[in-house]
Amino acid sequence: MSAHLTPLLENQAIQKRIAELGEQITRDYAGRSVHLIGILKGACIFLSDLSRSILLSVSFDFMAVSSYGRGTKSTGEVRITKDLDTSIEGLDVIVVEDIVDTGLTLNYLRHLLESRGPRSLKICTLLDKPAARKVRVQPKYVGFKIPGEFVVGYGLDYEERYRQLPFVGVLRRSVYA
Ligand code: IMP
Ligand code: MG
């Protein structure tokens with residue numbers, strides 16, 4: 001493992017928690033279909049595992065936004081770089097995110113997606129950093145609440161690296177400070 005990383009969440013703990021989230025979603029949406037919207041690129045690994053633990057009829061689509069640029073601080077600007085392929089009107093939508101930090105990205109996305117007439121819209125995030133919140137965003141499903149440090153792995157990147165790590169680790173400040 002890289003000397004720049006301090007492990008925070010082991011793969012086993014992540015898998016266990018995702019199985020629980022899948023069970024919860026399966027119960028909450030019993031008898032319905034869910035449409036997962038993964039926010040690229042960070043959520044792709046989480047969505048792959050989560051979708052396989054939901055025992056319902058599942059469809060998915062992806063959206064790509066850029067809010068951070070390449071660094072570790074949110075600029076507050078959200079830009080859609082890839083929109084959905086299909087309409088979400090009348091669907092039970094769950095937005096799948098890797099992490100909610102300031103909340104700016106999801107706040108923007110939630111308003112945009114709600115204007116497109118889904119039957120319901122909830123947020124599911126693997127990680128939540130409540131300490132960094134700038135706008136009120138409340139994910140219905142949260143994998144783990146974590147401290148306000150910059151983390152990578154399991155889909156999360158620093159300058160497009162570390163996404164493939166099977167665990168989540170805190171990136172040493174000296175790497176990006
Ligand atoms: P927010 O708009 O500040 O809530 O940030 C949302 C996006 O910023 C996430 O989807 C991530 O791509 C990125 N981000 C926020 N915190 C971290 C982190 O600790 N590590 C890696 N990416 C992060
Ligand atoms: Mg990122």
Side-chain angles (χ1 to χ4, degrees), residues 1-11 13-14 17-18 21 25 35-51 60-84 88 93-115 121-177:
M1 189 202 309
S2 161
H4 303 310
L5 291 176
T6 310
L8 183 66
L9 303 167
E10 291 182 5
N11 181 261
I14 297 172
R17 186 66 190 122
I18 293 177
L21 289 174
I25 290 171
H35 189 63
L36 305 179
I37 295 182
I39 309 305
L40 296 172
K41 299 169 221 165
C44 70
I45 306 234
F46 176 41
L47 185 139
S48 307
D49 286 340
L50 179 71
S51 63
F60 41 82
D61 202 345
F62 294 94
M63 204 166 195
V65 299
S66 79
S67 54
Y68 263 53
R70 283 156 36 85
T72 62
K73 285 263 149 36
S74 185
T75 58
E77 252 173 72
V78 181
R79 201 163 50 87
I80 294 185
T81 56
K82 182 218 170 292
D83 207 337
L84 299 174
I88 57 168
V93 170
I94 302 178
V95 176
V96 180
E97 248 294 29
D98 52 357
I99 188 165
V100 186
D101 187 27
T102 62
L104 292 166
T105 307
L106 272 177
N107 190 47
Y108 173 86
L109 280 180
R110 190 182 54 187
H111 287 108
L112 176 76
L113 294 175
E114 255 160 15
S115 75
L121 184 101
K122 301 289 178 204
I123 293 164
C124 178
T125 185
L126 178 66
L127 306 176
D128 187 5
K129 274 199 250 180
R133 206 70 102 247
K134 288 187 181 153
V135 287
R136 199 173 155 274
V137 174
Q138 223 148 22
K140 165 115 194 228
Y141 305 100
V142 174
F144 301 90
K145 287 205 161 87
I146 62 164
E149 305 208 59
F150 196 79
V151 294
V152 295
Y154 215 79
L156 293 116
D157 73 306
Y158 171 64
E159 295 193 339
E160 297 302 328
R161 290 175 55 218
Y162 305 106
R163 292 193 198 275
Q164 88 286 10
L165 295 178
F167 61 93
V168 171
V170 176
L171 191 64
R172 222 176 50 207
R173 229 165 249 281
S174 58
V175 176
Y176 57 85

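Just so you know, ligand 1 is whichever comes first in the structure, and atom 1 is the first atom listed for that ligand.
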Nearest-0.5 Å distance, CG of residue L21 to CG of residue L50: 6.5 Å
Gap between atom CD of Q138 and atom NZ of K122 - 0.5 Å precision: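 Answer rounded to 0.5 Å: 10.5 Å.
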Region of D98 that comes within reach of ligand 1 [heavy atoms, distance under 4.0 Å]: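 Answer for D98: side chain.
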Structural part of E149 in contact with ligand 1, heavy atom criterion under 4.0 angstrom: backbone
Which of the ligand 1 atoms, numbered from 1, are nearer than 4.0 Å to a heavy atom of [X]:
| X | result |
| --- | --- |
| E97 | 10 (O) |
| K129 | 16 (N), 17 (C), 18 (C), 19 (O) |
| D157 | 21 (C) |

Examine ligand 1 and decide if any of its atoms is less than 4.0 Å from a heavy atom belonging to [X].
| X | result |
| --- | --- |
| K134 | no |
| G103 | yes |
| L106 | no |

Test side chain to side chain contact (heavy atoms under 4.5 Å, CB included) applied to I39 and V65, I99, I123, the passing residue: V65
CD/E10: more than 12 non-hydrogen atoms of other groups inside 6.0 Å: no
T105, V170, L104: member with heavy atom nearest to atom 6 (C) of ligand 1: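 Answer by nearest heavy atom: T105.
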Short side-chain to backbone donor-acceptor contact, R17 and L126, under 3.5 Å: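 Checking the backbone N and O of L126 against the side chain of R17, no donor-acceptor pair under 3.5 Å is found.
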F167 to I14 - nearest heavy-atom pair and separation: CA-CD1, 4.1 Å
Electrostatic pair R133:D128 at N-O distance under 4.0 angstrom: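 Here R133 pairs with D128 in a salt bridge, since their nearest N and O are under 4.0 Å apart.
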Sub-3.5 Å N/O-N/O distance, L156 and ligand 1: no
